[in-house]
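Only one structure is covered here, and it is reproduced in the block below.
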Amino acid sequence: QAQFVESGGGLVQPGGSLELSCAYSGSSFNMFTMAWYRQTPGNQREWVASISRGGSTNHKDFVRGRFTISKDNAKKMGYLQMNSLKAEDTAVYYCNFPNTLRPWGQGTQVTVSS
């Protein structure tokens with residue numbers, strides 16, 4: 001079954017940067033909008049950013065100007081460049097195709113702390 005594998009998380013100080021990667025093992029990656037989400041304990045998973053089939057991007061207000069979503073269709077990879085990280089960005093980050101009921105991956109933990 002096609003799956004997503006997220007990587008690139010870690011511990012970073014406030015103001016630092018990380019780049020998350022999302023590898024998709026299925027087919028037709030280029031046919032879908034891809035999105036990043038995040039989740040903290042006790043809270044629902046929330047949408048962070050998305051990139052359409054054509055490459056148009058949209059970012060949630062609280063990350064706009066700090067995070068940038070991108071993708072490489074040939075490699076079936078998605079990316080989330082995160083700059084100027086804040087403590088409140090601490091979460092497990094996931095990627096998926098919105099509204100497609102694809103299984104969720106394990107996510108990658110991002111911890112922003114001094």
Worksheet item: Is the Trp36-Phe67 ring centre distance short of 6.0 angstrom?
Response: no
Are [X] and [Y] connected, step by step, through hydrophobic side chains (Ile, Leu, Val, Met, Phe, Trp, Tyr) whose heavy atoms are closer than 4.5 Å?
| X | Y | result |
| --- | --- | --- |
| Ile69 | Phe62 | yes |
| Phe4 | Val92 | no |
| Met77 | Met31 | no |
| Leu20 | Val112 | yes |

Worksheet entry | Candidate pair Ser17 and Val12, rule side chain to side chain contact (heavy atoms under 4.5 Å, CB included), full reasoning | CA-CA 7 Å; Ser17 298; Val12 63; over 6 Å; no
Item to complete: Please report the shortest heavy-atom distance between Ala49 and Leu80, naming the atom on each side.
Response: CB-CD1, 4.4 Å
Fill in: Shortest non-hydrogen separation from Pro98 to Ala35 and the atoms involved
CG-CB, 3.7 Å
Atom [atom1] of [X] with >12 non-hydrogen neighbours under 6.0 angstrom:
| X | atom1 | result |
| --- | --- | --- |
| Lys60 | NZ | no |
| Gln106 | CD | no |
| Asn99 | CG | no |

Got a second to check how far [X]'s [atom1] is from [Y]'s [atom2], nearest 0.5 Å?
| X | Y | atom1 | atom2 | answer |
| --- | --- | --- | --- | --- |
| Arg38 | Glu88 | CZ | CD | 8.0 Å |
| Lys76 | Cys22 | NZ | SG | 11.5 Å |
| Leu18 | Asn83 | CG | CG | 9.5 Å |
| Thr68 | His59 | OG1 | NE2 | 5.0 Å |
| Cys95 | Tyr79 | SG | OH | 11.5 Å |
| Gln39 | Gln44 | CD | CD | 8.5 Å |

Discussion item. Does any part of the side chain of Thr90, heavy atoms only, come nearer than 4.5 Å to the side chain of Gln109, both counted from C-beta?
Written reply: yes
Item to complete: Report yes or no: is the cationic atom of Arg45 (NZ for Lys, CZ for Arg) under 6.0 Å from the centre of the six-membered ring of Tyr94, at an angle within 45° of the ring normal?
Response: yes
Discussion item. Angle between ring planes, Phe32 versus Phe97, binned at 30° and 60°: parallel, tilted or perpendicular?
Written reply: parallel
Worksheet item: When the ring planes of Phe29 and Tyr24 are compared, do they come out parallel, tilted or perpendicular, using 30° and 60° as the limits?
Response: tilted
Discussion item. As a quick check of understanding, evaluate salt bridge (charged side-chain N to carboxylate O under 4.0 Å, His left out) for Asp89 and Lys86, giving each step before the final call.
Written reply: CA-CA 5 Å; Asp89 295 319; Lys86 305 176 181 180; over 6 Å; no
